[in-house]
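Remarks on the structure that follows.
Here is the naming used below: chain letters follow the sequence lines, and residue numbers restart at 1 for every chain. In this text the structure is predicted, and so the values were computed from the model without any measurement.
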Amino acid sequence: MIEMNETNLKDTTMPDSIIQGEVPTDSKNLYITTAIPYATGAPHIGNALDYLLADIWTRYQKQNGRDVRFQIGTDEHGNKITQKSAEAGLDPQSFVDKNHVLFKQVADMVGASYTDVVRTTDEIHKLAVQYIWQQLKPHIYKDKYEGWYCTGCEQFYTDKEVEVTGGKCPNHQQEYERLSEDNYYLRASDFSDQIRQAIENDEMKILPEFRKNELLEMIKDGVKDVSISRPRKSLSWGVAVPDDPDHVMYVWVDALSNYITVLGYPGNSDWKNYWPADVQVIGKDILRFHALIWPAILLGLGLELPKKLLVHGFVNVGGEKISKTVGNVIDPGEIINKYGLDAFRYYFSRHVPTQDDGDFTYEKFEAAYNGELANDLGNLVLRVANMITKYQAGVVGDAPLSEHDMSLYHEHMEALRFDQALDEVWSKIQSLNRYIDSVKPWEVAGRRESDTDAEDHLSEILAHCTGNLLQIGDLLVPFMPTTAATIHNTFDQGVITPLENVMFTKIFEHTPNPAAKTTQAK
RNA sequence: CGCGGGGUGGAGCAGUCUGGUAGCUCGUGUGGCUCAUAACCACAAGGUCGUAGGUUCAAAUCCUGCCCCCGCAACCA
């Protein structure tokens, strides 16, 4: 969806940063990726979080004048797909066609402004992956894989699984056999030192830092080679290994390569304008593959490593792990329908720590919605707009740009701590509420008949408020696009555009309504 | 001895690297204000900082032991 002709414009028409001097000034286009979920079933909140975090970074960079490409997609090969599609009475391709749409819908639902969509069953992807395999050949070797095999399941099981089940397959009630088969292996060990160094010196920066340390500890003795194929008889739904039709690619080379094949690698040289990726957003469960196997592939191809891996955590519900059997799955659509998209984006970007596990309950969500969005922000916008309408017939004086130092906000953004960046915005919102209470514009308005300076003073105050709100609107652009637009539309034109609706109407479905209590007390 | 994260007022967290009045948000109580969505603002109550010891003039912060919670543990995609 990126127009090709945009890529060469950057030299002549590089836009000025909206927020000058606050961001690094290298002018390269940026590329941001999300993990491609396995298209076996329905999307979950973790996928939504991937899309959201990537989108926040994308919008922030676009706001700063960058040209950003943002990829989403699905991983559509493997035995689980074959199995699930059979259960659903579909052929594998129809099955993934159907599921692919579900993931795309979630991305759309959370407002992700992606530019590219990749599917591992795309013809062009499969061809590119085979090309990649060819390039990797100096680092590929064939070896025996030996393990416990169930002829009923037609697959291998780990020692641990065999131990847990007492040596008998629970699905087929038969004993595992010791079998061996040929696998191709990627000699990731060739790149142990390079990978370790890239992680150590932040050339490929892993955020948060404790994940980086965890990983370095894990590979202090080197990176292990990894099996990257299966015999066709045990894995049919996948990309054929070039020059060896009896073998099919296992997930790694196929799926991880999506990050470059979607850019057009190797055929369309436009990929060079975007790779290496600026940020790759992943969940903590897939860090190892992205920090070890993926770099091995890239180094084998002679490509640069991604600049940053943003590792987010999991979302719990009331402290419990989300699980389908427990039935505590949360549906983004339900939240968005009731509270609105911006409220959803707000909660999951501020109250779920960007780089750690978070917790969701409807109580917490609603408390944040009513307390922070409706009371702090919505009410602030309304009270300022109202005073301008009431005291100045809606005319906004010259709003001086707020000279508030927002370097902390930008520091947090650059560090990919979106939660903390929003904390800064809210502290600004609170300051403005305090400011209004301390200067008491309504008293100033009341003095205008007797005090000739009052008129000027009042308009100064309201202009100051307007300037601050416009800045708050700017800062909210990456997080809450609609809200930011509403703020700008209201104050931007020199004359107040009255709000059509109250922002963030109070909702008390999961928290007590204070109105009931106050009435009773008085 | 597998690796890592964490235990701070009712709840959720910051502070620990670079020792020295324990801070923030919510909740609770009192008061103020009226521009505003029963909102906003001020003040107050409430913590022996998991536990036992050690170092120090001084420890949430440094050292040691112990207890508890939570992830990861390589083919699971």
Measuring only the P atom in each nucleotide, how far is B/G12 from B/G53? A whole number of Å is fine. 28 Å
Would you measure the distance from the C1' atom in B/U16 across to the matching atom in B/A11 and give it in whole Å? 23 Å
Please state how far atom CZ in A/Phe491 lies from atom C1' in B/C35, giving the value in whole angstrom units. 12 Å
Would you mind writing out the side-chain donor-acceptor pairs for residues 287-296 of chain A within the sub-3.5 Å range, not counting sequence neighbours?
from     : atom 1 : to       : atom 2 : distance (Å)
A/His290 : ND1    : A/Ile286 : O      : 3.0
A/His290 : NE2    : A/Tyr259 : OH     : 2.7
A/Trp294 : NE1    : A/Gln280 : OE1    : 2.9

What nucleotide among B/U37, B/C3, B/C75 has an atom nearest to a side-chain atom of A/Lys506? B/U37
Round to the nearest Å and state the distance from A/Asp182 atom CG to B/C75 atom P. 19 Å
Provide, to the nearest angstrom, the distance between the CD atom belonging to A/Gln420 and the P atom belonging to B/G15. 8 Å
Hey, can you tell me if A/Tyr141 and A/Tyr185 have their rings parallel, tilted or perpendicular (30° and 60° cut-offs)? parallel
B/A74, B/U37, B/C35: which one has an atom nearest the side-chain heavy atoms of A/Lys390? B/C35
Check the distance between B/U25's P and A/Glu372's CD and give it to me in whole angstrom. 11 Å
Compare every heavy atom of A/Ala421 with every heavy atom of A/Met413, then report the nearest pair and how far apart it is. SD-CB, 3.5 Å
Per atom distances to the A/Lys224 side chain, the nearest of B/C35, B/A74, B/C75 is B/A74
Does A/Tyr339 reach the side chain of A/Leu373, with side-chain heavy atoms less than 4.5 Å apart? no
Under 4.0 Å, counting only non-hydrogen atoms across every strand here, what does A/Gly78 touch: a base, just sugar-phosphate, or nothing? nothing
Between A/Arg350 and A/Glu372, does any NZ, NE, NH1 or NH2 come within less than 4.0 Å of an OD or OE carboxylate oxygen? yes
Side chain of A/Tyr250, heavy atoms from C-beta onward: which of B/C75, B/C41, B/U37 has the nearest atom to it? B/C75
Measuring only the C1' atom in each nucleotide, how far is B/G10 from B/G46? A whole number of Å is fine. 9 Å
Nearest to the side chain of A/Lys284, which nucleotide is it out of B/C75, B/G71, B/C35? B/G71
State which residues pass ring pair (Phe, Tyr, Trp, His ring centres under 6.0 Å) with A/Phe491; sequence neighbours excluded, sorted by chain then number. none
Expressed in angstrom and rounded to an integer, what is the separation of A/Asn370 atom CG from B/C26 atom C1'? 13 Å
By the salt bridge (Lys or Arg N to Asp or Glu O under 4.0 Å) test, which pairs, at least two apart or in different chains, include something from residues 494-512 of chain A? A/Lys338-A/Glu509
For the side chain of A/Lys80, counting heavy atoms from C-beta on, which of B/C40, B/C76, B/U37 is nearest? B/C76
Which value, in whole Å, describes the distance between the P atoms of nucleotides B/G15 and B/C72? 25 Å
Run A/Phe360 and A/His351 through ring pair (Phe, Tyr, Trp, His ring centres under 6.0 Å) and show every step you take. CA-CA 8 Å; A/Phe360 173 89; A/His351 292 292; over 10 Å; no
By nearest heavy atom, map A/Asn375 and A/Glu214 onto RNA chain B; which one lands nearer the 5' end? A/Glu214
With rounding to whole Å, what would you report as the distance between B/G47 and B/A22 at their P atoms? 13 Å
Indicate, with a heavy-atom threshold strictly under 4.0 Å, whether A/Trp426 touches base, sugar-phosphate, or nothing. nothing
Which part of the nucleic acid, if any, lies within contact of A/Ala374, taking any heavy atom under 4.0 Å across all strands shown: a base, the sugar-phosphate backbone alone, or nothing? base
Result for 5'-nearest mapping on RNA chain B, choosing between A/Asn433 and A/Met387, is A/Met387
With respect to the side chain of A/Phe210, which nucleotide from B/G5, B/C3, B/U37 is positioned closest? B/G5
Full working for salt bridge (Lys or Arg N to Asp or Glu O under 4.0 Å) between A/Arg196 and A/Asp193: CA-CA 5 Å; A/Arg196 196 190 297 110; A/Asp193 292 341; 3.1 Å; yes
Return the value, rounded to whole Å, for the distance between atom CE of A/Met218 and atom C1' of B/C75. 14 Å
Rounded distance (Å) that lies between atom P of B/A38 and atom CD1 of A/Ile507: 15 Å
Check the distance between B/A74's P and A/Asp225's CG and give it to me in whole angstrom. 17 Å
Aromatic plane relationship, A/Tyr346 with A/Trp426 - under 30° parallel, 30 to 60° tilted, over 60° perpendicular: tilted
With a non-hydrogen cut-off below 4.0 angstrom, is A/Asp356 in contact with a base, only sugar-phosphate, or nothing? nothing
Does anything in residues 434-450 of chain A come within less than 4.0 Å of RNA chain B? Heavy atoms only, and list the residues if so. A/Arg434, A/Asp437, A/Trp442
What integer number of Å spans the P atoms of B/G5 and B/C63? 13 Å
For A/Asn379, which contact category applies under a 4.0 Å heavy-atom criterion: base, sugar-phosphate, or nothing? base
Considering only side-chain heavy atoms of A/Phe504, which listed nucleotide, B/C40, B/U37, B/C72, is closest? B/U37
Can you tell me if A/Arg288 touches the phosphate of B/A73, counting only side-chain N or O atoms and a distance under 4.0 Å to OP1 or OP2? yes
Taking side-chain contact (heavy atoms from CB on, under 4.5 Å) as the definition, give me every residue that meets it alongside A/Asp342, ordered by chain and number, with sequence neighbours left out. A/Arg345, A/Met480, A/Pro481, A/Thr482, A/Thr483
Lys/Arg cation over aromatic A/Phe314: A/Lys284, 6.0 Å, 45° cone: yes
Just compare B/C76, B/C35, B/C75 and give me whichever is closest to any side-chain atom of A/Tyr391. B/C35
Once pairs are restricted to Watson-Crick or G-U wobble with both distances under 3.5 Å, how does RNA chain B read as a dot-bracket string, [ ] for crossings and | for other-strand pairs? .(((((((.[[[[.)....(..]]]].(((((.......))))).....[[[[[..)....]]]]])))))).....
Using atom C1' of each nucleotide, how far apart are B/A45 and B/G29 to the nearest Å? 7 Å
Can you check the distance between B/C3 and B/G27, where both ends of the measurement are the P atom (answer in whole Å)? 43 Å
